[in-house]
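In what follows, a single structure is set out as structure tokens and then discussed.
What's counted below: heavy atoms across the whole structure, side chains too, no hydrogens, waters or symmetry copies. Heads up: numbering here begins at 1 and tracks the sequence. From a predicted model like this one, the values you see are computed outputs, not experimental measurements.
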Amino acid sequence: MATGKKKKYKVRKMRVAVAFLFLSAIILAVVFIFMLKNSGKSGDTVAEQEQSEEAESPDGTGGEEQTGGEEPEPEPEPTPDPDAVTDFKIGHTAETKPSRLMEFTNIVKNGSAVRRYKADEPIEFGLGRDYTQMEGVLTFRGNNFRDMPAYGTAPMKNYKMEKMWTVGTQSVTIGGQYWSGNGWTGQPLLIHWPAETKKHMNMYKWAKKDDNVVEAVHASLDGNIYFTDINTGKATRETMHTGFVFKGAGALDPRGYPILYVGSGYNSSAGTSRAFIISLIDCHVMYEYGCQDPFSLRGSLSFFDSSTLVDAETDTLISPGENGILYLIKLNTKYDEASGKLSIDPGPIVKWRYKGRRNNTSTYWYGMEDSAAIYQGYLYIADNGGHLMCLDLNTLKLKWVQDILDDSNSTPVLSVEDGNLYLYVSTSFHLGWRSSSSAEIPIWKIDASDGSVVWKTSYTCHSVEGNSGGVQSTIAVGHRSLDDYIYVTVSKTENTYRGVIVALKKKNGKKAWEQEGPYTWSSPVCVYNSDEAGKDVVCYARSDSMLMMLDGISGKTLDKIDLGSGNVEASPAVYNDILVLGTRGCQIYGIRLT
């Protein structure tokens with residue numbers, strides 16, 4: 001009897017234990033599913049991210065992790081590179097601590113929210129000069145530093161500009177909005193394609209055979225993409241009609257793959273704006289993204305003016321949008337130059353968004369309308385809400401945020417000086433946000449490592465509704481004989497019709513020279529002489545249709561020509577001694593610099 005009772009007791013005890021384990025398993029499963037569903041739903045606040053980083057940092061500063069251990073054997077020191085960045089460490093100051101201006105950020109990967117992000121393959125950009133080995137200007141302002149809108153040098157002796165050719169463009173009216181020719185930023189892309197690549201393109205036969213052809217790719221406000229030989233002005237292939245309004249410059253693949261990345265800047269008769277990846281083998285759209293993205297905090301707005309960059313090592317497209325989303329798209333590109341076969345298979349697709357403490361739907365908008373500059377794994381970009389941000393592309397955490405006061409269309413430009421990395425940037429004056437009459441427009445030099453202000457030089461600017469004053473252009477950073485200067489066009493200074501171009505000293509922001517005239521939104525470009533003993537010049541276009549050539553050292557006008565076709569908002573690009581520029585007056589010009 002006792003033995004039977006013990007057995008029943010043991011069985012009962014075992015059943016209770018099994019039931020307890022089963023119930024525990026169910027509870028754990030429910031908790032796990034709940035956590036999985038809600039992981040990254042709202043994302044960490046920026047303050048929580050900072051606390052996490054500080055806890056992980058050995059010195060409590062939130063800076064990069066330091067590694068210990070035995071020191072390796074010293075290696076022979078390489079020849080010093082005068083353009084190298086030395087001892088670059090990223091962090092922030094009290095003024096640029098991200099949580100001061102930012103409330104939260106969110107990330108989704110392939111449609112699912114994630115709370116913590118780490119890049120599958122680390123993104124690591126080098127100096128701007130190393131962005132591409134191709135001959136030409138393949139993105140807005142040439143590279144990831146945004147400091148080289150001119151390729152090569154020009155054998156200038158006369159310091160004159162001569163019209164070589166013109167190509168007519170068109171205009172469209174959409175919903176009462178008139179778009180014509182090429183506007184802001186509107187820079188052409190210039191490329192000397194290898195013969196093997198051209199062999200499979202839908203170029204005209206003469207263009208395929210001519211090894212001297214340099215193709216200008218001009219995405220225009222009229223919904224067309226024009227392809228032109230810069231030496232002759234002849235069409236290299238049939239115009240591609242899309243029906244979408246293109247305000248930005250677009251970009252070509254830095255690896256020389258025949259791919260065009262371009263975004264629409266406005267809704268059109270063809271549909272809601274979006275971004276495109278286009279094969280330049282046969283000019284067909286391989287992929288679209290960003291159309292009314294539900295991840296956007298800015299509603300259904302889908303504009304893309306930013307000029308993308310591609311990380312060649314990881315095959316990743318980096319694309320900011322005016323919808324407030326940064327897209328990181330693994331392209332999975334396959335290109336066989338010998339056969340001309342080209343394909344992409346995008347994925348994974350990572351999206352990052354942010355919410356600033358002063359962002360709302362009526363003022364201080366979300367959105368990135370300028371183009372990003374990148375060094376190592378850090379992306380620098382200004383936004384429509386008065387923020388200059390430094391974002392770690394490999395963790396998608398903000399490293400610092402600087403207050404730049406207003407809606408900015410000025411792309412930040414990176415510059416290496418004495419081993420340190422700096423940014424030059426300015427901002428617009430959006431009527432009614434800070435003032436309804438006039439406002440301060442600073443031009444800043446920023447320490448790229450922590451966002452602190454090195455110096456600022458300010459102008460007072462005016463605005464009218466829909467036509468902002470301030471700096472709508474991107475700053476030109478001088479090299480060679482112009483290495484001590486930056487060049488800035490500031491619009492609507494004296495009144496709503498006038499502006500200046502100013503040379504500021506990199507060292508302290510003081511004016512070296514200034515020239516006043518009709519305002520401009522077009523970005524200046526530095527052109528370097530093939531003869532190092534000759535003058536290096538600055539070219540820029542004004543709202544009165546004048547194209548100017550100035551001595552970069554003295555500011556003296558060397559030459560000017562009337563393009564005769566109204567306002568020039570677009571920025572030029574230069575290939576050796578040929579400047580290419582589109583206008584709102586429905587003309588694209590090829591200009592010889594002599």
Side-chain angles (χ1 to χ4, degrees), residues 90 92-93 95-96 98 101 128 140-149 184-185 305-307 309 320 322 356 364 367-375 378-391 398-417 420-430 434 439-459 461 468-478 485-491 501-509 520-526 571:
I90 204 80
H92 59 71
T93 67
E95 183 186 52
T96 64
L101 290 172
F140 182 63
R141 309 299 277 183
N143 56 38
N144 55 295
F145 270 39
R146 307 296 183 177
D147 71 337
M148 194 54 69
W184 182 97
T185 56
D305 292 343
S306 182
S307 182
L309 293 169
E322 200 174 346
Y364 290 95
M368 296 161 280
E369 202 168 352
D370 58 331
S371 298
I374 305 177
Y375 176 66
Y378 303 106
L379 176 145
Y380 302 93
I381 195 163
D383 85 328
N384 294 143
H387 309 106
L388 176 64
M389 300 177 281
C390 173
L391 179 71
L398 286 166
K399 307 305 289 187
W400 56 257
V401 181
Q402 178 61 264
D403 185 355
I404 56 171
L405 304 180
D406 213 319
D407 175 14
S408 183
N409 297 308
S410 177
T411 290
V413 183
L414 286 166
S415 177
V416 181
E417 300 166 24
N420 298 310
L421 189 66
Y422 299 101
L423 287 158
Y424 293 101
V425 72
S426 188
T427 194
S428 307
F429 168 31
H430 191 98
R434 292 184 291 147
E440 178 194 12
I441 297 295
I443 300 161
W444 288 279
K445 180 176 184 176
I446 302 286
D447 188 325
S449 67
D450 62 12
S452 60
V453 174
V454 179
W455 54 251
K456 73 172 184 177
T457 298
S458 295
Y459 283 83
C461 293
S468 293
V471 178
Q472 300 292 85
S473 59
T474 291
I475 294 166
V477 172
Y485 310 101
I486 65 168
Y487 302 90
V488 194
T489 53
V490 189
S491 63
I501 181 169
V502 60
L504 299 178
K505 294 181 180 179
K506 290 180 181 178
K507 184 177 181 180
N508 53 27
T520 181
W521 281 7
S522 179
S523 302
V525 55
C526 298
S571 298

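Between Gln472 and Ser428, the closest side-chain pair of non-hydrogen atoms falls below 4.5 Å. Looking only at side-chain heavy atoms (C-beta outward), Val453 and Ile446 come within less than 4.5 Å of each other. Looking at Leu309 and Leu379, their side chains never come closer than 4.5 Å, going by heavy atoms from C-beta outward. Side-chain contact between Asp406 and Phe429: present, with at least one pair of heavy atoms (C-beta onward) separated by less than 4.5 Å. When side chains are defined from C-beta on, Pro442 counts as touching Thr427, because their heavy atoms get closer than 4.5 Å. Residues Lys506 and Tyr485 form no side-chain contact, since every pair of their non-hydrogen atoms from C-beta on lies 4.5 Å or further apart. Side chains of Lys505 and Trp455 form no contact here, defined as non-hydrogen atoms less than 4.5 Å apart.
Looking at residues two or more places apart in sequence or on another chain, you find a ring-ring contact (aromatic ring centres under 6.0 Å, His included) between His430 and Trp365, Trp433. When the side chain to side chain contact (heavy atoms under 4.5 Å, CB included) test is applied to Thr474, the partners found at least two apart in sequence or on another chain are Phe140, Arg141, Thr411, Val413, Ser523. For Asp147, the side-chain hydrogen bond (donor to acceptor under 3.5 Å, both in side chains) partners at least two apart in sequence or on another chain are Asn143, His479. Residues forming a side-chain hydrogen bond (donor to acceptor under 3.5 Å, both in side chains) with Ser415 (at least two apart in sequence, or on another chain): Glu417. Legend: residues meeting side-chain hydrogen bond (donor to acceptor under 3.5 Å, both in side chains) with Lys456, ordered by chain and number and at least two apart, are Glu440. In this structure, the side chain to side chain contact (heavy atoms under 4.5 Å, CB included) partners of Ala382, at least two apart in sequence or on a different chain, are Asp370, Leu388, Ile404, Ser408. In this view, Tyr380 and Trp400 satisfy the ring-ring contact (aromatic ring centres under 6.0 Å, His included) rule, not counting sequence neighbours. A search for side chain to side chain contact (heavy atoms under 4.5 Å, CB included) contacts involving Val454 returns Tyr422, Lys445, Asp447, not counting sequence neighbours. Thr520 pairs by the side chain to side chain contact (heavy atoms under 4.5 Å, CB included) definition with Thr489, Ser522, Tyr540, not counting sequence neighbours. Asp305 is linked by a salt bridge (Lys or Arg N to Asp or Glu O under 4.0 Å) to Lys247, counting only residues two or more places apart in sequence or in another chain. For Ser371, the side-chain hydrogen bond (donor to acceptor under 3.5 Å, both in side chains) test picks out no residue, with sequence neighbours left out. Judged as a salt bridge (Lys or Arg N to Asp or Glu O under 4.0 Å), and not counting sequence neighbours, Asp383 has no contacts.
Screening Leu421, Val477, Ile374 for a side-chain contact (heavy atoms from CB on, under 4.5 Å) with Phe145, the sole residue that qualifies is Leu421.
Here the OH atom belonging to Tyr378 is positioned 10.5 Å from the OG atom belonging to Ser449, to the nearest 0.5 angstrom. Atom CG of residue Leu398 and atom NE2 of residue His92 lie 10.5 Å apart, to the nearest 0.5 angstrom. Taking CH2 of Trp521 as the start and OG of Ser571 as the end, the distance is 11.5 Å to the nearest 0.5 Å. Separating the CD1 atom in Ile475 from the OH atom in Tyr424 is a distance of 9.0 Å, to the nearest 0.5 Å. Note that NE2 of His387 and CG of Asp403 are 7.0 Å apart. Values are rounded to the nearest 0.5 Å.
Between Gly451 and Gln402 the shortest heavy-atom distance is O-NE2, 2.7 Å. In plain terms, the two heavy atoms of Ser410 and Val471 that are nearest each other are CB-O, 3.9 Å. Heavy atoms only, all atoms of each residue included: Ser452 and Thr93 are closest at CB-CG2, 4.1 Å. Contact record, Ser491 with Ser468: OG-O, 3.8 Å, taken as the closest heavy-atom pair. Closest non-hydrogen pair, Leu504 versus Gly509, comes out as CD2-O, 3.5 Å. For the pair Pro524 and Ala476, the tightest heavy-atom approach, listed with the atom from each and the gap, is O-CB, 3.5 Å.
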task: Take Val490 and Ile443 through the side chain to side chain contact (heavy atoms under 4.5 Å, CB included) test and state the conclusion after the steps.
output: CA-CA 9 Å; Val490 189; Ile443 300 161; 4.2 Å; yes

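A distance-only check finds no donor-acceptor pair linking the side chain of Arg146 to the backbone of Leu414 [under 3.5 Å].
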